[in-house]
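Quick notes on the structure that follows.
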Amino acid sequence: MCGIVGYVGAKNAADIVFNGLKKLEYRGYDSAGIASVNGQLEIRRAGGKLVNLQNKLADQPLLGTLAIGHTRWATHGAPVERNAHPHADEQNNVAVVQNGIVENFVALRQQLQAEGHIFRSDTDTEVITHLIDKHLAAGHTLPDACRLSFQQLHGAHAIAVISPAHPDTIIAARLGNAGGVIVGLGDHENYLASDIPAILEHTQQVVFLEDGEMAVITPDSVDYCRLDGSPVTKPTTTITWDPVSAVKGQYRHFMQKEIHEQPQSIQSTIRGRIDFESGQVQFEELHLTPEQAQRIDRIFITACGTSFFAGQVGRFLLEKLAKVKVSVDYASEFRYRDPLVDENTVILALSQSGETVDTLAAMEEGRQKGAALWSIVNVQGSMVHKISNGSILMQAGPEIGVASTKAFTTTLTDLMLLAMYLGQQRGVLSAAQSLELAAALAHLPELAGQVLAEGYNDYDSLARLYHQKEHFLFLGRGLNYPIALEGALKLKEISYIHAEGYPAGEMKHGPIALIDENMPVVSIVTQDHVYDKMISQIEQVRARNGIVISLINEGDDEVARKSDHVLTIPRAHPLLTPIISVIPLQLLAYHTAVWRGADVDQPRNLAKSVTVE
């Protein structure tokens, strides 16, 4: 989870920025850097942890009263120094740090290269520096050059810019939902951060930028505008948090914060693993050759709880895109039967903590039978990570809330990338299919951000109406059946309401007996190949006076007319829809739990890591 910090004032800026970056270490990162202006633009960057950057700064100090810094998950390009932020144009006229994906960076880079611009990194971010430099060369001021450049970018972004031509100015912008952009107000000094803990020791007066807004920050002033140049008046918020609350930011609970971090965690997952020009996916950590990929006869996905439901989505994706047989097993059951495993089998373990005892036992069962062990895990150095032959590290960052949210959608995104990778290695996924999926993935964080935008759905009113119900039924088909299971799990985990997820086609084989005027039925009715079948299930619920809550695509008036309530999501590629459709169900569970007065972050009887059988 990338972090941004900036300072302009009278003090040594690099020291303040570095200390701010340390406050954001909890977000996770694999490289870091700082750019400072002291007559000229200077940049220090290092791979790995902040201590490496600290050592470099000790040998090559950065002076000056203007600086921006960044901690980065490996994105476009490997986690090496040349790809670390900040990035600069070839003349060192502009330095940029950014969170987000420049969805149209290929076209922009080709255009800029044709005009003579020289690129020095593998990242998409670098195009921003060249765009700004181009507009500066045309005679525009730094704010106008930034506005014009930002208007050319597709996707969601948080951006900070400095230039030696303007040694007292930071430009900051938020475009979409790529993470927070927070201006901290001081006395003849001002600050910038992606999250409040980075600057809380310096100021309690902050301003939050919204989508499409830009700030021009100097030591004695901050001016706000939209990208068209129209001025904006922004309210100042006073922060009075303790250290734990500071990490939560403006959110009431960690779970709420982590739900809203999903656009950024999805971005971090995608970037650096896919070449958007070719659609090719890279997972060097799996140590797999095309010949080895061809020999894979079966994949057993083994997991527990939320990860198990992610595995069920993964089965659809792997079978469709990689054309390999896939089974999904509860890890707690896998070793108590005699699975047919051999040297052409892969055991794919999914685990957030990496320490789940049942998952470890299932992996050991596979190892003893000669299988290759792969994993998707959120904790580097965990036992699952250590014993795997190849391990994909999630880019979710730390997840504090016991009920998983961003680790679930990150796992789904990793599984999509893995399915593409295996399909390409096995020669069954065409170049055209790869490019189509790559383009859809580039758009995915923005779609997640739309669902999370304020006012997009009224979860609180829906929770207020039904938080006293004791039973819910969740229905889905195809890829959305596991999402129905996950929606039910979230509701029961944190609100203590009994909820069941069911394949919609099986409703009449038992659960229909439960439906009456007291039973809310949440149906996932996206416009896919089973859309008509789902409408039939809704009609059956209505015929028995059940309460119909439908999750639908924007503009689906037909299902809206047949429903008591609707939650909407934007249209996405059918294979990516589950990643978007689960977010409203997370928020419905969250608001319901709040209305019931439950302990959202630490629900009773549950633990983040299950280390006993």
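Reckoned from all heavy atoms, side chains included, excluding hydrogens, waters and symmetry mates. Because the structure is a prediction, the values reported are computed rather than measured.
Around CD of Q602, the count of heavy atoms belonging to other residues, nucleotides or ligands within 6.0 Å does not exceed 12. Heavy atoms from other residues, nucleotides or ligands lying under 6.0 Å from NE2 of H529 number 12 at most.
A salt bridge links K257 with E261; the closest basic N to acidic carboxylate O contact falls under 4.0 Å.
Side-chain contact, T526 with N480: a donor N or O sits under 3.5 Å from an acceptor N or O. Residues T411 and D414 have side chains that never bring a donor and an acceptor to within less than 3.5 angstrom of each other. At a cut-off of 3.5 Å, with distance as the only test, no side-chain donor of T413 or T269 sits close to an acceptor on the other residue. For S523 and Q537, the side-chain atoms include no donor-acceptor pair closer than 3.5 Å. Side-chain N/O atoms of T405 and Q262 include no donor and acceptor closer than 3.5 Å. Side-chain contact, E446 with H154: no donor N or O sits under 3.5 Å from an acceptor N or O. When only modelled atom types and interatomic distance are considered, E486 and T306 share a side-chain donor-acceptor pair under 3.5 Å. Between the side chains of T568 and N457, at least one donor N or O lies within less than 3.5 Å of an accepting N or O.
Summarising the geometry, atom CD belonging to E284 is positioned 6.0 Å from atom CD belonging to Q282; distances are rounded to the nearest 0.5 Å. Distance NZ/K406 to CD1/I259: 11.5 Å, rounded to 0.5 Å. One finds the CG atom of L415 at 11.0 Å from the OG1 atom of T410 (value rounded to the nearest 0.5 Å). Rounding to the nearest 0.5 Å gives a distance of 10.5 Å between NE2 of H385 and CD1 of I392. For the atom pair CD of Q98 and OG1 of T123, the computed distance is 8.0 Å after rounding to the nearest 0.5 Å.
Judged by distance alone, the side chain of R477 and the main-chain N or O of A504 form no donor-acceptor pair under 3.5 Å. Without hydrogens or angle criteria, D564 side chain to V548 main chain gives a donor-acceptor distance under 3.5 Å.
When the options V559, V525, D528, I552 are evaluated for a side-chain contact (heavy atoms from CB on, under 4.5 Å) with M534, the one that passes is V525. Here the rule is side-chain contact (heavy atoms from CB on, under 4.5 Å) with I483, and of V582, I580, I579 only V582 fits it.
Both the sub-6.0 Å distance and the 45° axial angle are not jointly satisfied by R596 relative to the ring of Y496.
Ring pair H591/Y459 is parallel by interplanar angle, where below 30° counts as parallel and above 60° as perpendicular. Ring-plane geometry between H565 and Y466 is classed as perpendicular, the angle between the planes exceeding 60 degrees on a 0 to 90 degree scale with a lower cut at 30.
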Steps toward side-chain hydrogen bond (donor to acceptor under 3.5 Å, both in side chains) verdict (H573, E436) = CA-CA 9 Å; H573 190 287; E436 176 190 354; 3.2 Å; yes

